Amino acid sequence: KSAMSVLFPLISFPYASRILGVEGIGNVQYCTSIISYYALFAALGIGTYAIREGVKFRDDRYKFSKFASEILVINSVSTLIVYFVLAGGILGHFFVGHEPVMIVCSLSILCTTISIEWIYQIREEYVYISIRTIIVQIVALIFLFLLVRNQENVVEYAAVITFASGGYCLFNFIYARKYVDLRLDFNLELKKHLKAVIVIFGNNVASSIYLHLDTVMLGFYYGDYEVGLYSVAMNIMAIMRGIINSISAVVMPRLSYYYETDQKDKYLMLLRKGIHVDMLFSIPCMVGIICLSRSIILLFSGPAYLDAVTACRILAINLVFATLDNVMYCQILIPHHLEKQGCIGTGLGAVLNLLLNSLLIPQFLREGAAVASLLAELIVFIFFLYQLRKLFSFKKLFSETYKLIISALSIVVIVWCAEMLISNLILQIFFSVVISAVIYFGILLLLRYRLVEEEFYQVRGKLIKMFKRN
């Protein structure tokens with residue numbers, strides 16, 4: 001699944017950005033950002049809450065079915081309300097010039113509700129999730145090349161990306177019968193879930209504000225062209241963030257299970273490993289994108305998008321803080337039932353993001369939006385550290401971070417050499433990434449970075465045993 005989350009945008013976005021142009025891409029990106037707010041209200045805080053609470057009942061079919069049905073009823077009602085509000089906005093001409101794309105993108109809201117993805121995450125059905133995602137995204141790529149052929153095919157592109165993200169919803173709904181007996185019964189116990197769902201929803205609203213507000217404000221004040229440029233930087237970051245955050249998505253159900261069943265030692269061990277893995281990849285990704293941003297954008301979208309280079313570099317720094325904020329929220333705050341603190345922290349970030357966007361976008365356009373996002377994420381990071389200081393010793397947790405930074409600095413030299421010696425963009429990026437990865441992990445091994453050292457000796461031991469058997 002992680003591989004496809006990289007491959008699909010790597011193939012679809014460069015193709016679409018060249019075919020549709022800056023304004024066409026900006027149109028879709030703007031509508032997607034608007035719809036994300038409607039989707040947020042439809043989803044409430046249901047996904048996160050369901051994963052945390054559902055692990056308690058996953059081995060009891062009757063209780064799990066009752067719980068899943070209650071969650072589905074709440075989600076269905078919120079989705080229906082949101083569609084009424086969205087219809088009012090479209091009929092009231094609030095989205096003039098964007099209506100067709102907006103309607104197509106809005107289908108993702110229904111897909112999210114029907115897909116009941118949280119059931120599969122509770123059950124840790126990652127093989128099924130991966131196979132299903134790969135099939136749907138391969139089909140979406142076929143549709144992309146068949147339907148998106150010129151600058152007029154903006155609606156078709158919106159349909160393709162909507163299908164790619166939610167085309168599996170019917171498969172999910174049907175296949176769920178293996179684990180639960182779903183029923184839309186309004187006599188179920190719904191009220192007991194609402195308080196926690198609303199609190200998590202508040203956090204999600206705040207997070208969404210500083211994830212999408214920059215795009216919405218750029219589009220509102222300066223139109224599709226600026227959004228099109230900014231979307232290149234955002235998409236590059238989204239690919240990297242999606243890969244790294246997938247670790248948290250996989251780990252969270254197991255962490256919640258360990259915490260709820262009082263297996264504290266296993267919880268702490270998995271938590272430390274999850275945080276170290278996230279940092280192991282986010283720091284070199286940041287350095288690599290800063291160094292390769294111009295080459296990546298040229299390859300990714302073409303010379304028409306080169307004005308997005310500076311914004312891309314700023315957002316690359318944000319990648320580390322966004323990753324750590326996600327880790328602290330998903331892997332610590334949620335399992336510890338501290339979603340209120342999460343809501344306050346992201347709320348502070350959202351308010352700061354709104355103020356900074358209002359001040360910086362008129363002066364610096366997309367670069368101002370990128371700086372606003374970076375500073376908002378940094379504030380959330382500092383707040384979370386402060387709130388969790390009594391639960392964990394972050395000094396010990398981050399004690400080896402300097403080794404990651406030292407190792408990642410080698411990437412600067414390698415990219416510089418590659419740019420001097422190789423003129424072909426594809427080869428330049430390929431050799432930069434491959435050689436940087438080898439040198440990066442080699443230096444970490446020499447510096448005896450604990451996680452890399454443990455994995456290295458574990459793999460070496462398995463290889464030695466395998467060769468001895470042969």
Side-chain angles (χ1 to χ4, degrees), residues 36 40 45 47-49 51-52 199-215 233-234 236-252 255-256 270-286 289 314-357 369-395 397-398 401 404-405:
S36 71
L40 186 69
T48 304
Y49 171 77
I51 292 170
R52 188 189 72 188
V199 172
I200 295 172
F201 166 66
N203 174 79
N204 292 347
V205 168
S207 297
S208 187
I209 285 173
Y210 67 78
L211 281 175
H212 300 287
L213 185 64
D214 43 11
T215 303
M234 290 292 288
I236 292 168
M237 291 309 112
I239 292 169
M240 305 313 303
R241 196 165 54 239
I243 298 169
I244 298 167
N245 286 353
S246 64
I247 298 167
S248 291
V250 171
V251 166
M252 193 176 79
L255 282 171
S256 295
L270 183 58
L271 174 65
R272 289 192 189 100
K273 191 165 187 177
I275 292 174
H276 286 152
V277 169
D278 281 333
M279 293 186 65
L280 180 68
F281 289 102
S282 64
I283 290 175
C285 282
M286 174 192 70
I289 292 169
I314 296 168
L315 289 173
I317 302 170
N318 190 36
L319 181 66
V320 175
F321 295 113
T323 299
L324 290 172
D325 287 348
N326 184 68
V327 166
M328 286 190 277
Y329 182 73
C330 292
Q331 298 184 19
I332 303 176
L333 289 169
I334 292 298
H336 282 81
H337 297 257
L338 296 172
E339 53 268 15
K340 285 185 180 178
Q341 283 81 348
C343 186
I344 294 168
T346 48
L348 287 172
V351 171
L352 180 65
N353 188 257
L354 176 61
L355 293 172
L356 288 172
N357 272 314
V371 170
S373 294
L374 170 60
L375 292 176
E377 205 76 67
L378 178 60
I379 289 297
V380 176
F381 173 70
I382 293 169
F383 180 84
F384 283 173
L385 281 181
Y386 179 77
Q387 289 295 315
L388 297 172
R389 70 193 186 284
K390 293 179 181 178
L391 283 176
F392 296 97
S393 172
F394 285 102
K395 188 176 180 180
L397 205 56
F398 297 134
T401 304
L404 297 173
I405 296 170

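The structure presented is a predicted model; accordingly, all values stated were derived computationally and were not measured. Starting from 1, each residue takes its place in the sequence as its number.
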Working to the nearest 0.5 Å, report the span between CG of D325 and CG of L385. 8.5 Å

Taking all non-hydrogen atoms of both residues into account, name the closest pair between G349 and A376 and its distance. O-CB, 3.4 Å

Drop me the distance from L319's CG to L315's CG, to the nearest 0.5 angstrom. 9.5 Å

For a 4.5 angstrom cut-off between non-hydrogen side-chain atoms, does L404 reach M279? yes

Work out which heavy atom in N357 is nearest to a heavy atom in A369; give both atom names and the distance. OD1-CA, 3.5 Å

Distance col, row L378:CG vs I317:CD1, nearest 0.5 angstrom, shows 10.5 Å

Report yes if some heavy atom in the side chain of T346 is under 4.5 Å from a heavy atom in the side chain of F384; otherwise report no. yes

Separation of Y386 OH from Q341 CD (nearest 0.5 Å): 11.5 Å

d(M234 CE, S373 OG) to nearest 0.5 Å is 6.5 Å

Contact summary for I289 and A316, nearest pair of heavy atoms: CG2-CB, 3.8 Å

Please round to the nearest 0.5 Å and tell me the distance separating atom CG of L355 and atom CG of L375. 12.0 Å

Side-chain contact, heavy-atom cut-off 4.5 Å: V380 with L352? no

